[in-house]
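Taking it in order: structure first as structure tokens, then the write-up.
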Number of protein chains: 2
Amino acid sequence: MGKRQDIVAIAEDLFYRQGFGQTPFTDLAGAVGISRGNFYHHFKTKDDILAEVVTLRLEKSRSMIAGWEAQSADPADRICAYIRILLANQELIENFGCPLGSFANEMAKAQHPMTAGARQLFDLFHGWLAQQFTDMAAARPEYLAMRVLQFSQGAATMSNTYRDRNFISEEVARMCEWVRRQDRREE
Amino acid sequence: MGKRQDIVAIAEDLFYRQGFGQTPFTDLAGAVGISRGNFYHHFKTKDDILAEVVTLRLEKSRSMIAGWEAQSADPADRICAYIRILLANQELIENFGCPLGSFANEMAKAQHPMTAGARQLFDLFHGWLAQQFTDMAAARPEYLAMRVLQFSQGAATMSNTYRDRNFISEEVARMCEWVRRQDRREE
DNA sequence: GTCTATATGTAGATAGAC
DNA sequence: GTCTATCTACATATAGAC
């Protein structure tokens, strides 16, 4: 019945909401519905769970990207789909921040080896965004991809701090327009 | 000799570098040079230390603001001074992120009462930035202040994740130019 | 696979000697 | 004011019964 996958799926959610360091096995056990001791039948250490959580997030991120690619062939539309995560996941971001940014920061502060995994997640989106800008014939696609990441991280922190939905909506619209202005193709 | 203040000063630094929840008394004790048990002569609980740390940060922030005001009478210059924290504290931000944003996120995830204190810190800068934009006769000063906070939060996260100093320098310069373009005074 | 019991370490906090 | 010793709770992790 894939209990191991259940554990990883629930850990992904709890690590996001509470932070890795602030999520004891007790919480995981309660959510999964098994005893604490039983975790060690599936995983050797807590860090091993974290490693699989990062793998799961990478897979989920690739799925999201595949979804945006299936939904539109226009690179600007695709980038806007990424930006609109801020609206699609608004309540989660208000309560817990951006899963990428907050995780990367926790790993950095803990000087945890998974800092590299957090960066992989950023790289995945950065590479894909840069490809979309390349397809738009935009100048400096990698720089523009950084700009989009920077924007979404800043907006997520503002959302987490102020929960001002009017502001976020305006910013999402503004950024999507900005993306379209980068288009240098003959249309 | 103000040992109480020493504790708060060191706690402020360690809470920033490691996070509040990941900083045990052992670490504080080692850094201050007293024993663990002795903390309770000065503070009743760990949360009491955190409360004073937030107070200290508010004081330090007011001092920074006073410094920028003393250094220039031009509101655009002053806002740029704020933005240049990204360069002045570059190494710290690369290693530990923005003290405001990362603290606010940790408090939010822990559903800690000090979430309000974290927001106070943001409010302090937001109010001051909005005043500068007002002095520039800019349209929508509070919105523009949010834009500056959003930018600095995004840039700090990018700095923390990628440590790309060329990117951060370019962004600081770009944002300062943007600030000056908001000036609607007859000059 | 799952459990209980337990080992081991460490967290925050207290008591009382000096 | 500072210390050591200690308390209670809880963390990760292990061992071994079922």
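Note: hydrogens, waters and symmetry copies are ignored here, and every other heavy atom, side chains too, is used. Each chain gets a letter, A, B and so on, in the order the sequences are listed, and its residues count up from 1.
Within 4.0 Å of B:Tyr40, counting heavy atoms only, lies at least one base atom of the nucleic acid.
Atom pair B:His41:NE2 and D:dG1:C1' shows a separation of 5 Å (rounding to whole Å applied). As rounded to whole Å, 18 Å separates atom C1' of C:dT14 from atom CZ of B:Phe43. As a whole-Å value, the separation of B:Lys46 NZ from C:dA11 C1' is 8 Å. The distance between atom CD of B:Gln22 and atom C1' of C:dT10, rounded to the nearest whole Å, is 13 Å. Look at CG on B:Leu50: it is 12 Å from P on C:dG12, rounded to the nearest Å. Distance CZ (B:Arg4) to P (D:dG1): 11 Å, rounded to an integer number of Å. Distance A:Arg36 CZ to C:dT4 P: 9 Å, rounded to the nearest Å. When rounded to the nearest whole Å, the span between CZ of A:Phe39 and C1' of C:dC3 equals 14 Å.
How far CG of B:Asp183 is from CE of B:Met136: 4.0 Å, rounded to the nearest 0.5 Å. Between the CZ atom of B:Arg84 and the CD1 atom of B:Ile168 there is a distance of 15.0 Å, given to the nearest 0.5 Å.
A salt bridge (charged side-chain N to carboxylate O under 4.0 Å, His left out) with A:Arg165 is found for exactly one of A:Glu94, A:Glu171, A:Glu170, namely A:Glu94.
Considering only side-chain N and O atoms, A:Ser35 lies nowhere under 4.0 angstrom from the phosphate OP1 or OP2 of C:dT2. Taking side-chain N and O atoms only, A:Thr26 has a distance below 4.0 Å to OP1 or OP2 of D:dA11. For the OP1/OP2 pair of C:dG1 and a distance below 4.0 Å, the side-chain nitrogens and oxygens of A:Asn38 include no atom meeting the criterion. Regarding contacts with the backbone of D:dT2, a side-chain N or O of B:His42 is found under 4.0 angstrom from either OP1 or OP2.
Out of C:dA13, D:dA13, C:dA11, the shortest distance to the side chain of B:Phe25 is found at C:dA13. For B:Pro24, the side-chain atoms get nearest to C:dA11 when compared with the rest of C:dA11, D:dT12, C:dA13.
Between A:Tyr82 and A:Phe125, the distance separating the two ring centers is shorter than 6.0 angstrom.
Judged by closest nucleotide on DNA chain D, A:Asp27 is the one of A:Asp27 and A:Lys44 placed further toward the 5' end.
Residues forming a side chain to side chain contact (heavy atoms under 4.5 Å, CB included) with B:Val54 (at least two apart in sequence, or on another chain): B:Leu58, B:Phe103, B:Met114.
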